[in-house]
Structures are given as C-alpha cells and as structure tokens.
Amino acid sequence: MEPVDMNNEELMRTIDMICQSKVEEFRLIGYEYVTTVDIWNCVSSKYEKDGLPSLHKLVNDILSLKATALMNYMTISAYKGSPFGS
C-alpha cells in the first residue's frame, strides 16, 4: 500500500473530520461540551517535540483517545491557565 500524499489543508480537514467523529462518540456517553479543538489539542500535545507522526498514527491516536485522558489533559490545561479551545 502506498503512502497517502496530502497537502496541509487536506490533512487538517481529515484530522478535523476524525476529531468530529470522536466528539460525537464522547457526546453519546455524556461529554456534551467537548469540541474538535479539545480533541486535537489533547492528541497533538504528544507531538510537540517530534512533530506530526504518520497519518495512520494520527488516526489511531484520535480514535483511541479515552475520555479520562481528555479530561486529565483539560484539567491540567486549566491549572496551567490555558483556555480551552485555543
């Protein structure tokens, strides 16, 4: 299988679509105020040192994100003074 060649805009649209799927999943289990930005900020925080990984790793990291991991990330962000959704 050949790697997918996407420009940055296509990649970000794809990521947003995957994050939206995860938001819908979280809303089904009662997390009504989670946004795609919250999901992306949480997942992408792991990539700050090494940059973005391959697309399949991004997709896996987003879709396997647990609610507890997101809530921990958001709590720590709040303590650090980071506003949600930025």
Side-chain angles (χ1 to χ4, degrees):
M1 193 174 226
E2 291 187 33
V4 176
D5 188 22
M6 300 177 125
N7 66 35
N8 194 44
E9 185 178 322
E10 291 171 328
L11 177 62
M12 293 315 291
R13 267 198 316 261
T14 301
I15 289 170
D16 187 61
M17 185 175 57
I18 297 163
C19 288
Q20 184 60 45
S21 173
K22 195 65 180 180
V23 164
E24 291 168 12
E25 177 186 327
F26 281 161
R27 288 187 178 156
L28 286 173
I29 59 172
Y31 294 92
E32 297 176 23
Y33 300 105
V34 172
T35 67
T36 58
V37 174
D38 296 331
I39 301 287
W40 178 241
N41 287 343
C42 178
V43 171
S44 66
S45 68
K46 299 191 303 186
Y47 312 138
E48 289 175 353
K49 292 181 183 173
D50 299 325
L52 290 179
S54 59
L55 182 59
H56 73 274
K57 173 105 172 84
L58 281 170
V59 171
N60 182 64
D61 289 351
I62 294 167
L63 294 180
S64 65
L65 180 64
K66 303 288 185 216
T68 53
L70 177 63
M71 293 301 115
N72 288 340
Y73 170 80
M74 292 176 78
T75 300
I76 290 168
S77 293
Y79 282 129
K80 290 180 178 178
S82 299
F84 300 125
S86 64

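The distance from the OG1 atom of Thr36 to the CG atom of Asn41 is 9.0 Å, given to the nearest 0.5 Å. Between Ile18 atom CD1 and Ile15 atom CD1 the span is 7.0 Å, to the nearest 0.5 Å. Atom OG1 in Thr75 sits 12.0 Å away from atom NZ in Lys80 (nearest 0.5 Å). Of the inter-residue distances, the one linking Asn72 atom CG with Ser77 atom OG reads 10.5 Å to the nearest 0.5 angstrom. Distance check, rounded to the nearest 0.5 Å: CD1 of Ile62 to CD of Gln20 gives 12.0 Å.
When every heavy atom of Cys42 is checked against every heavy atom of Ala69, the shortest pair comes out as SG-O, 4.1 Å.
Take Leu52 and apply the side chain to side chain contact (heavy atoms under 4.5 Å, CB included) test, not counting sequence neighbours, and it matches Leu11, Trp40, Tyr47, Leu58. Partners of Tyr31 under the side chain to side chain contact (heavy atoms under 4.5 Å, CB included) rule, at least two apart in sequence or in another chain, are Phe26, Ile29, Val34, Ala67, Met71. Evaluation of the side chain to side chain donor-acceptor pair (under 3.5 Å) rule for Ser64 yields no partner, not counting sequence neighbours.
Ile76 and Ile39 are not part of a single hydrophobic cluster, where members link through side-chain heavy atoms under 4.5 Å apart. One hydrophobic cluster, built from ILVMFWY side chains closer than 4.5 Å, cannot hold both Val23 and Tyr33; they sit in different ones.
Every pair tested for salt bridge (charged side-chain N to carboxylate O under 4.0 Å, His left out) that includes a residue from residues 64-77 fails, sequence neighbours excluded, so the list is empty. Pairs of residues two or more places apart, or lying in two chains, that qualify as salt bridge (charged side-chain N to carboxylate O under 4.0 Å, His left out) and include a residue from residues 14-27 are Lys22-Glu25. Residue pairs meeting the salt bridge (charged side-chain N to carboxylate O under 4.0 Å, His left out) criterion with at least one partner in residues 42-51, sequence neighbours excluded, are Lys46-Asp61.
Between the side chains of Asp38 and Thr35, a donor-acceptor pair is found at a separation under 3.5 Å.
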